[in-house]
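Please read the structure below before turning to the comments.
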Amino acid sequence: MRRLALTLAIAVALAVTGRAAAMDEGGPPPVDIEFASYAPPQIQVLAGDTVTWQNMSSRAHTVSAVDGTWSSAHIAGGDMFTHRFDATGAYAYYCQIHPFMRGEVDVERLLLNPPSDAVAPGRPFLLTGRAALPPGTTLALEEDSGAGPQSLGSAMVAGDGTFEASVIVHASGALRAVAGSDASPPVQVLVLDRTVTASATRHGRRSVVRVHVSPASPGSTVVLQLHLRERFGWWPVRHARLDSASNARFRLRLHRRVKARVVLTLRDRATVLAVSRTLRIGSRR
Amino acid sequence: VRRLATLLAATALGAAALAAAPSLAAGAVRQYWVAAVPVTWNMIPNQRDAITGTTYDPAVSVFGTIVYRRFTPNWRRPLPNAPRGSSNQDLIPGPLLKARAGDRIVVHFRNRDTLFHRPHSMHFHGVHYRPSSDGAYLPGFSGPDADVMPGHSYTYRLRAGSDSVGVWPYHDHSPSMDESIMGGMWGMLSILGRHERAPDREFEVVFAPMGQFQTIDGRAFVGNTPVFTSFVGQTIQWDVMAMGSEHHTFHVHGHRWVAPDGTDVDTKTIGPAESFAIRWREEDPGTWLYHCHVEAHMMAGMIGIYQVRRRR
């Protein structure tokens with residue numbers, strides 16, 4: 001239940017993955033104004049950042065605060081608008097011409113860059129971020145993998161507002177930076193340390209996929225995914241808990257031959273911890 | 001291709017009475033056993049919007065929620081909400097409660113909310129009932145039907161009249177209504193005329209916002225939303241409903257139907273808690289899109305595919 005609460009907390013704090021990658025360049029990524037939407041519709045920036053909106057569509061739009069405190073003029077296709085955010089808070093905005101278009105800028109004093117890839121347990125990796133705090137300020141770095149906040153170490157804000165620290169985590173969870181009453185929104189770190197071995201046998205139209213995870217992880221969740229054209233990617237079709245020997249077995253009837261794989265996940269059956277090789281299962285028509 | 005002669009519009013205002021269906025006898029008592037149960041729900045199981053190529057992390061698509069789930073009598077064993085082969089998705093929406101005009105519908109409800117420990121209820125549109133089966137919380141007036149506490153149960157007694165033919169929403173109307181509706185605690189009643197033929201396929205489409213996404217049946221983006229299937233020659237029925245606070249426009253590519261005023265349409269507007277059914281005899285094989293045509297909704301996930309095949 002605690003992990004579920006954590007997932008929900010992260011869900012509130014995070015938007016589309018990959019967006020944060022642009023923060024590595026030192027400032028917030030530009031927001032595209034599409035034909036009928038802002039992309040991304042929600043961004044996190046640092047106090048003092050200037051946000052740029054670029055109109056990629058063929059029609060004019062505005063970027064206007066919902067509370068009426070600031071607004072662009074009409075932004076023609078190809079034009080841009082910039083606005084600086086100095087105070088922390090959530091700034092909702094919309095298009096006065098197409099009022100159903102909505103966006104939000106969340107202004108923080110501390111931001112962590114999410115690790116761009118999964119990390120290995122017990123091995124150091126570089127955690128980076130930006131702060132709207134005086135150079136020399138010491139930040140506490142924390143992780144929460146479901147058992148409550150644990151200290152990861154500390155970092156110092158550099159002259160350009162960035163900070164970094166080599167940290168070690170042992171389990172997937174959420175990271176955050178803290179300075180006094182200020183805290184960054186959590187970012188998720190994925191720790192991959194286990195190997196999923198899967199094999200398939202066929203009995204008529206029935207396929208059996210056997211799974212083993214090492215090191216032993218009894219009780220962990222494994223999900224059988226099929227690569228289906230109509231599902232536009234990997235689609236979960238069965239899930240199971242590993243038995244006391246860290247094994248699981250899936251049985252299914254298939255009327256076609258498809259790619260399959262088994263993923264080890266958190267209990268949400270979605271956050272991937274390790275992936276098997278790709279198998280081909282099912283019978284040809 | 002103009003093939004409106006074969007199209008039927010079966011709306012909540014009145015469905016065409018066709019040949020008698022052998023599977024459902026009129027005047028029956030329909031018993032349903034339903035419970036509010038916790039689930040971990042993923043709005044985007046393939047973790048992507050395939051059309052724009054955007055990937056989404058489970059952190060933004062997975063959440064814990066309470067849904068209506070169908071059970072065997074006395075809630076002994078859970079049943080799938082959607083029968084195998086129906087193309088409908090399991091768990092959200094809740095079980096499709098079927099009946100005919102003249103039937104009595106008895107819904108035995110149990111609150112098994114072990115996630116939030118909230119009270120829940122069931123409130124039904126379109127059917128006849130006494131206030132004790134309204135399921136709507138009103139302090140000082142409503143009874144136990146509207147405020148079923150965790151671990152408790154209540155039996156709702158409904159009657160499908162001749163004015164109940166069509167499809168209708170049901171949803172939580174307890175003090176937890178807002179949170180429950182945002183989490184997918186809703187479903188549909190599908191009521192046929194006394195002698196009306198049932199469709200070969202019945203597809204449930206519920207438009208509702210969820211988190212940062214606009215969902216169909218609690219799922220966002222093609223491949224995640226239900227992949228409905230049919231065969232050429234089958235009579236298919238779309239049961240469409242909206243929950244939340246926004247209007248939507250239901251649109252199916254490559255198909256048209258006849259509106260109640262006799263005009264030909266391929267898009268129909270629907271507001272919160274409204275519902276309608278559309279029928280046609282399928283003639284057009286292919287993979288088609290269905291979606292809400294409010295652009296911002298479509299781009300935020302309210303889109304799916306419908307596949308029509310020829311029988312071999």
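- The contact between B:Gln307 and chain A is made entirely by side chain atoms (from C-beta outward), counting heavy-atom distances below 4.5 Å.
- Not counting sequence neighbours, the partners of A:Trp234 by the ring-ring contact (aromatic ring centres under 6.0 Å, His included) test are A:His227.
- Aromatic ring pairs are classed by plane angle as parallel below 30°, tilted from 30° to 60° and perpendicular above 60°; the pair B:His251 and B:His291 is perpendicular.
- The choice from B:Asn42, B:Thr52, B:Ile305 that makes the most heavy-atom pairs within less than 4.5 Å of chain A is B:Ile305.
- If you measure heavy-atom distances from B:Thr225 to chain A, the contacts under 4.5 Å come from the backbone alone.
- Using bins of under 30°, 30° to 60° and over 60° for the plane-to-plane angle, the ring pair B:Tyr306/B:His255 lands in the tilted bin.
- Taking chain A as the reference chain and counting heavy-atom pairs below 4.5 Å, the highest number among B:Glu246, B:Arg48, B:Gln47 is found for B:Arg48.
- Residue A:His239 places its NE2 atom among 12 or fewer non-hydrogen atoms of other residues, nucleotides or ligands, all under 6.0 Å distant.
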